[in-house]
Number of protein chains: 2
Amino acid sequence: MRLLTRALLLAGSTLAALPTLAAEGMWTLDNLPHDDLAKTYGFKPTSAWLDKSMRSAVRLAGGCSGSFVSAQGLVLTNHHCVIGCVEDLSSEKHDLVNNGFLAKNHSEEKQCPGMEVNRLEKTEDVTARMQKALAGLSGKAFSDAKKAEQSLIEKECVGDTGDQRRCDIVELYGGGQYHVYQYARFQDVRLVFSPEYAAGFFGGDPDNFNFPRYNLDMSLLRVYDRAGKPLVNSDWFSINPTGAKEGELVMTLGHPGSTQRQLTMIELETQRDLVLPFRLMLASEYRGLLLQYSTQSEENARIAQTELTMVENGLKARTGMFQALLSPSVMQQKREQENAFRNWVNRDSARATTYGDPWKTLSDTQIAWRNLYIDYVMVEIGFGAMSQQVNWARTLVRGTAEKAKPDAQRLREFADASLPAVQAGLFAEVPLYTDFERAKLAWSLSKLREKLGVDNPVVKSILGKQSPEALANEIVSNSKLGDVAVRKQLWDGGADAVKNSDDPAIKLARLIDEHARKFRTEYDQNIEPIQKAAANQLAKARFAYQGTQVYPDATFSLRLSHGVIRGWEEKGKAITPFTDFGGLFDRATDFDPFKLADTWVAAEKKLSKKTRFNQVSTNDIIGGNSGSPLINAKGELVGLIFDGNIQSLGGSYFFDESVNRAVSVHPAAMSEALKKVYKADHLVKELKLK
Amino acid sequence: MRLLTRALLLAGSTLAALPTLAAEGMWTLDNLPHDDLAKTYGFKPTSAWLDKSMRSAVRLAGGCSGSFVSAQGLVLTNHHCVIGCVEDLSSEKHDLVNNGFLAKNHSEEKQCPGMEVNRLEKTEDVTARMQKALAGLSGKAFSDAKKAEQSLIEKECVGDTGDQRRCDIVELYGGGQYHVYQYARFQDVRLVFSPEYAAGFFGGDPDNFNFPRYNLDMSLLRVYDRAGKPLVNSDWFSINPTGAKEGELVMTLGHPGSTQRQLTMIELETQRDLVLPFRLMLASEYRGLLLQYSTQSEENARIAQTELTMVENGLKARTGMFQALLSPSVMQQKREQENAFRNWVNRDSARATTYGDPWKTLSDTQIAWRNLYIDYVMVEIGFGAMSQQVNWARTLVRGTAEKAKPDAQRLREFADASLPAVQAGLFAEVPLYTDFERAKLAWSLSKLREKLGVDNPVVKSILGKQSPEALANEIVSNSKLGDVAVRKQLWDGGADAVKNSDDPAIKLARLIDEHARKFRTEYDQNIEPIQKAAANQLAKARFAYQGTQVYPDATFSLRLSHGVIRGWEEKGKAITPFTDFGGLFDRATDFDPFKLADTWVAAEKKLSKKTRFNQVSTNDIIGGNSGSPLINAKGELVGLIFDGNIQSLGGSYFFDESVNRAVSVHPAAMSEALKKVYKADHLVKELKLK
């Protein structure tokens with residue numbers, strides 16, 4: 001049944017319905033479905049409610065969501081959102097990943113290297129301004145003008161606040177709207193609490209994206225101000241350990257990373273026939289490597305743990321997306337929706353003139369994109385040279401060259417607005433495991449050769465007559481970039497210093513950058529502008545077709561999704577919405593990933609087995625929403641989003657309310673665990689948990 | 001370009017043409033396209049020519065082809081066809097895989113454990129008899145009657161020759177015809193010559209399925225008779241070191257394993273949407289594991305070498321097949337062909353009555369097959385428990401139970417006709433690398449859990465509360481099945497001995513067998529008979545539609561394919577049909593897999609760089625053809641098939657003569673290498689190489 005489940009379930013679903021389904025939608029706060037909220041739930045959020053919610057929610061710049069939960073800067077997010085930091089703070093002797101971490105007081109709170117927290121302060125629609133700047137342009141001219149105008153807007157928005165403010169242009173509706181998002185930027189973020197891996201990720205990859213579930217996927221961070229003091233903040237969510245009832249309205253306020261619900265058929269086919277199988281095979285092989293690497297020793301297992309988790313998570317997520325696109329019924333309904341929309345445009349000559357044929361344009365552009373895809377992924381994105389040292393080197397090579405240019409002419413990731421994050425990453429004190437790095441780099445260079453071909457000119461220029469293994473060994477053994485001081489010296493020395501460096505990682509990065517820039521330029525000038533222009537036409541047409549009560553695809557910016565606590569039906573069996581502590585102890589075995597953490601074994605007798613642990617709700621979420629607060633109408637925190645069920649994985653492309661569920665940690669579980677398992681009385685007090 | 005190459009190339013190809021293209025076809029010797037051969041090449045094979053060719057060609061029961069090349073039982077096949085044997089004969093101290101092997105005389109020739117060579121003696125059409133036995137039956141009755149009748153026919157064919165003869169029922173045209181193939185069976189096969197891995201598989205996986213190519217993918221075996229003497233045989237191919245000219249007729253006589261050219265659209269979609277992605281992801285992960293395992297030590301690399309080669313080869317082949325099915329133009333043309341055929345049946349009411357709607361039947365059956373597929377592959381096929389010890393245990397558990405039944409009621413792989421091969425495999429003295437076995441078994445058990453699901457009843461019954469790692473460790477450490485004597489004792493002890501065994505591998509195998517038999521029965525009774533009946537109807541309709549001048553899909557039985565030595569055009573560039581020794585030395589680096597074997601470095605000055613090395617021809621081949629002789633109209637051996645080009649990988653589903661090429665070792669290269677690199681004067685003499 002497995003691979004067909006989705007197809008069968010969807011065959012009877014209501015996917016085709018237009019407009020939007022009840023719980024569907026990742027809504028921007030300035031365009032909420034107020035009528036639906038009022039009609040369905042009797043909920044009418046005030047502007048004060050919205051403002052407080054916006055300022056209580058935060059974004060972890062690395063790719064997660066979170067929320068303030070105290071007046072002293074305490075941030076609640078997922079265990080899996082801080083695991084990279086916990087690993088960076090660990091060593092062979094202090095394995096915080098597997099033993100967990102709890103700071104007894106502020107002085108024990110440890111800074112997370114390179115972590116950045118953003119709090120949205122305000123947004124502004126700059127569509128008219130951007131469109132004016134781009135009018136009539138295409139290709140390089142479009143690309144240049146876009147960078148320049150974005151840079152100008154972001155600069156004006158940041159003003160003279162320096163690193164304390166971050167402003168990002170957010171392209172909504174595939175470029176149909178441009179907004180500037182202004183964030184308070186916090187770069188001193190410290191780890192307060194993280195449970196043991198066995199508690200935070202109980203069930204591991206086998207249970208990932210599954211429900212019933214038993215994960216304490218929570219952690220606490222604290223944001224510090226410029227003076228090195230805990231941030232004093234007035235807006236935060238109070239945790240209500242009672243939680244929400246089945247059927248009750250619950251909302252997430254988080255940062256969904258990316259969805260592709262507005263893709264045209266040809267774009268979906270690129271995903272199904274090229275992008276997803278390519279990524280799945282690459283990641284599967286890498287997973288096999290990491291699994292075997294982990295069996296070699298306990299220390300190896302520790303070193304590879306978070307990378308493996310990340311890879312397995314991505315693999316499972318993409319497998320679900322792939323399955324969704326392999327479903328004939330999904331594709332059929334997508335096709336019917338597109339045909340209906342396209343016919344609506346074409347059957348009126350005025351509309352046909354106004355909107356043109358963006359589908360045709362996108363179809364043509366897909367050919368160019370498919371031809372570029374593997375080069376782009378392996379060389380520009382960097383799957384062909386996976387290595388911490390090479391990553392630093394590439395940042396140094398490209399970053400120093402870019403920062404020598406006027407802001408408006410730079411690649412966006414090196415614009416002034418982005419440099420603080422770039423530098424924080426580059427200068428972060430993180431461990432370098434050379435044996436692990438060697439394995440990753442040798443393997444990925446061999447994939448570069450395999451995917452592009454032995455006789456490909458890029459491969460020949462990078463490898464010459466060397467083997468991937470020999471080149472990787474030379475770089476990992478001889479590069480000095482593991483030393484922060486060396487990286488800092490090169491960064492400060494600028495393009496000349498980097499050009500004159502004979503560090504082997506820098507040498508490789510120079511070679512890669514030469515080719516990677518060509519692929520990037522091809523994309524930036526010959527693909528993206530055309531896609532964007534067509535998407536813009538499509539968005540205009542869609543507003544006319546469906547009205548403005550539609551939500552944009554996810555863009556890792558703040559969204560509200562509404563829904564209710566509710567289970568679902570699977571193969572005729574009802575899945576109830578709550579699990580409890582008892583289920584955890586029943587499911588436990590003596591072996592990872594089902595082995596209980598020692599603290600939980602010790603606390604078992606003190607815990608009520610009926611305590612609610614995890615729960616599901618109909619909220620429409622996606623990767624990036626991890627760590628989102630689940631709040632009730634009163635603005636109380638009644639859950640901590642950490643996953644979707646397996647049926648939610650098609651959510652990239654469509655939302656099926658009958659089975660798509662968000663999974664969250666119940667507040668009672670967080671409260672009980674902090675009190676009885678971790679005895680974190682000071683946090684219990686700060687969080688005002690009765 | 002890579003992933004699109006096939007689609008783009010095929011867009012302009014002549015795939016849709018019916019009937020058969022010039023070089024297309026894997027023909028049975030009793031239904032050769034004589035008119036085409038005469039018209040196109042002026043070639044009219046006599047029955048003596050055909051008889052000699054049939055008796056000169058051999059099959060390696062493990063999955064390859066070969067041919068007699070001397071009167072003393074010398075068999076020429078590929079290096080990659082004997083590599084498993086070479087590995088079995090190796091140890092940490094005697095690494096024959098990487099150092100190569102050359103027996104100086106008969107007494108140094110080493111027996112290959114479990115290897116079996118078959119020479120086809122005659123074939124007989126038993127379609128009428130089988131159809132009579134099966135008339136009106138379905139489900140279990142069909143399945144039982146089929147086994148019984150096959151068993152009877154095979155028994156009659158084998159007669160009282162014991163192990164010396166092997167008779168197989170071959171189902172041609174998807175069950176449209178049944179033939180019985182009678183082989184001479186040789187089970188004493190000894191290794192005579194195998195070049196170093198670096199020579200036999202120069203370029204490794206990166207160059208696999210590519211051309212230009214520089215592989216000495218040859219080896220020599222010798223068949224011994226029952227008296228332990230080299231087989232005296234009168235039919236063999238004489239090697240002509242001059243080879244064939246560009247454009248000259250060349251034929252392969254070999255055993256193509258399996259093609260799916262007659263699949264209906266729904267069956268192709270099962271391949272594209274389920275079977276291939278599933279296998280590709282599983283194999284990719286396993287490959288990553290093997291790659292990392294190999295980096296751990298030189299000995300590990302040696303142990304995993306052939307397994308890795310096999311996995312990589314399968315992966316590359318299936319990737320090509322997957323790409324072919326992802327090509328919209330291929331699928332479109334397949335669809336048009338099917339529609340035309342289907343319309344031809346339906347537009348005549350007599351035909352519609354005669355043939356029914358087998359497409360509809362096959363479509364219904366696909367649903368059942370898709371639902372069963374993952375269980376079948378993981379449990380019955382055994383991807384969920386990959387281990388030498390578990391394999392032996394499963395053969396013991398199932399084999400002893402089956403051989404207690406009357407022959408006609410057994411699963412076919414344990415019929416009397418198959419038992420000699422089963423026993424040869426079971427009693428082969430092969431090394432057991434426990435660390436490697438542990439890694440494979442732990443990983444594959446974890447895949448069983450992953451693919452079927454943690455809460456699946458089969459998984460729960462097999463794993464209980466144990467982890468895959470713990471169970472694997474228990475079995476690998478404590479099973480005694482590594483000892484041939486123990487396996488022999490259990491086999492001879494029969495079902496009772498096996499039932500009473502507390503060997504942990506046997507215990508696991510008993511559990512697996514219980515579930516596996518259910519899946520097998522589901523397939524044998526509820527899927528295969530319906531598919532076969534529908535395929536039979538389709539085959540009858542196809543004969544009426546296209547005439548009898550069509551070839552059946554490949555069935556690992558003897559076929560002739562005709563073609564000419566010819567290059568092809570790729571991205572506007574002509575690929576010439578021959579490579580030479582000079583190209584090998586140009587391509588060499590200091591690193592595997594492009595590192596030259598020491599013997600070749602030493603011999604470089606003695607070798608003419610212009611010596612032809614590898615060549616391509618338009619012959620229609622597929623996996624299983626490896627080791628096939630390439631012969632000219634005079635019946636001289638002018639090449640040794642070892643691969644197809646990358647464009648040939650869609651050959652499972654269709655043949656595109658414009659780009660599909662067979663790759664073979666040129667006879668001049670074999671001759672020169674034996675003379676000057678390996679100084680095998682005794683073999684040069686026996687092979688009559690001037």
Side-chain angles (χ1 to χ4, degrees), chain A residues 1-4 203 205-207 210 269 272-274 277-278 280-293 295-296 315 319 322 326-328 367 370-371 373-374 438-439 442-443 446 449-455 464-470 587-595, chain B residues 1-4 203 205-207 210 269 272-274 277-278 280-293 295-296 315 319 322 326-328 367 370-371 373-374 438-439 442-443 446 449-455 464-470 587-595:
Chain A
M1 276 299 286
R2 276 158 307 285
L3 284 172
L4 278 185
D205 180 65
D207 272 5
N210 282 350
E269 283 161 5
R272 182 192 66 190
D273 298 343
L274 172 59
F278 185 82
L280 284 169
M281 281 183 65
L282 198 64
S284 292
E285 191 174 321
Y286 187 41
R287 181 193 193 187
L289 182 150
L290 293 171
L291 285 169
Q292 181 58 23
Y293 184 84
T295 67
Q296 291 174 233
L315 207 39
T319 302
F322 188 47
L326 286 177
S327 157
I367 305 293
R370 290 178 191 180
N371 284 340
Y373 179 75
I374 294 176
R438 203 174 280 120
W443 175 78
S446 83
R449 181 175 70 185
E450 175 179 316
K451 302 300 182 189
L452 273 64
V454 181
D455 300 312
K465 287 224 161 192
Q466 267 194 304
S467 69
E469 296 74 23
R587 195 167 183 76
T589 72
D590 291 338
F591 299 99
D592 286 334
F594 296 100
K595 190 175 177 177
Chain B
M1 276 299 286
R2 276 158 306 284
L3 285 172
L4 280 186
D205 179 66
D207 272 6
N210 281 350
E269 283 161 6
R272 182 193 65 191
D273 298 344
L274 172 59
F278 185 83
L280 284 168
M281 282 182 63
L282 197 64
S284 292
E285 191 175 321
Y286 187 42
R287 181 194 193 186
L289 181 150
L290 293 171
L291 285 169
Q292 180 59 22
Y293 183 85
T295 67
Q296 292 174 232
L315 208 39
T319 302
F322 188 48
L326 287 175
S327 157
I367 305 294
R370 289 178 192 179
N371 284 341
Y373 179 74
I374 294 175
R438 203 174 280 120
W443 175 78
S446 82
R449 181 174 70 184
E450 175 178 316
K451 302 300 182 188
L452 271 64
V454 181
D455 299 312
K465 287 222 161 193
Q466 266 194 305
S467 70
E469 295 74 22
R587 195 166 183 76
T589 72
D590 290 338
F591 300 99
D592 286 334
F594 297 100
K595 190 174 176 178

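Lettering of chains follows the sequences in order, A, B, ..., and the numbering in each one begins at 1.
With a threshold of 4.5 angstrom between heavy atoms, B:P468 does not approach chain A through any atom at all. Heavy atoms of B:Y286 lying under 4.5 Å from chain A are absent altogether. Residue B:A588 touches chain A through its backbone alone, counting heavy-atom pairs closer than 4.5 Å. Heavy-atom distances place the side chain of A:L315, and not its backbone, under 4.5 Å from chain B.
To the nearest 0.5 Å, the span separating OG1 on A:T319 from CZ on B:F278 amounts to 11.0 Å. Between atom CG of residue A:D455 and atom CG of residue B:N210 there is a gap of 8.0 Å, rounded to the nearest 0.5 Å.
Ranked by heavy-atom pairs under 4.5 Å with chain A, the list B:E285, B:Q296, B:R587 is led by B:E285. With respect to chain B, the highest number of heavy-atom pairs below 4.5 Å among A:R272, A:E469, A:E269, A:M281 belongs to A:M281. Per-residue counts of heavy-atom pairs under 4.5 Å with chain A were compared for B:L291, B:L290, B:V454, B:T295; the largest is that of B:V454. When each of A:S284, A:G203, A:A439 is checked for heavy-atom pairs under 4.5 Å with chain B, A:S284 comes out on top.
Using a 4.0 Å cut-off between charged nitrogen and carboxylate oxygen, B:R449 and A:D205 do not count as a salt-bridge pair. Under a 4.0 Å N-O distance rule, the pair A:R287/B:E450 qualifies as a salt bridge.
With hydrogens and angles ignored, the 3.5 Å screen pairs no side-chain donor or acceptor of B:K465 with any backbone N or O of A:F591.
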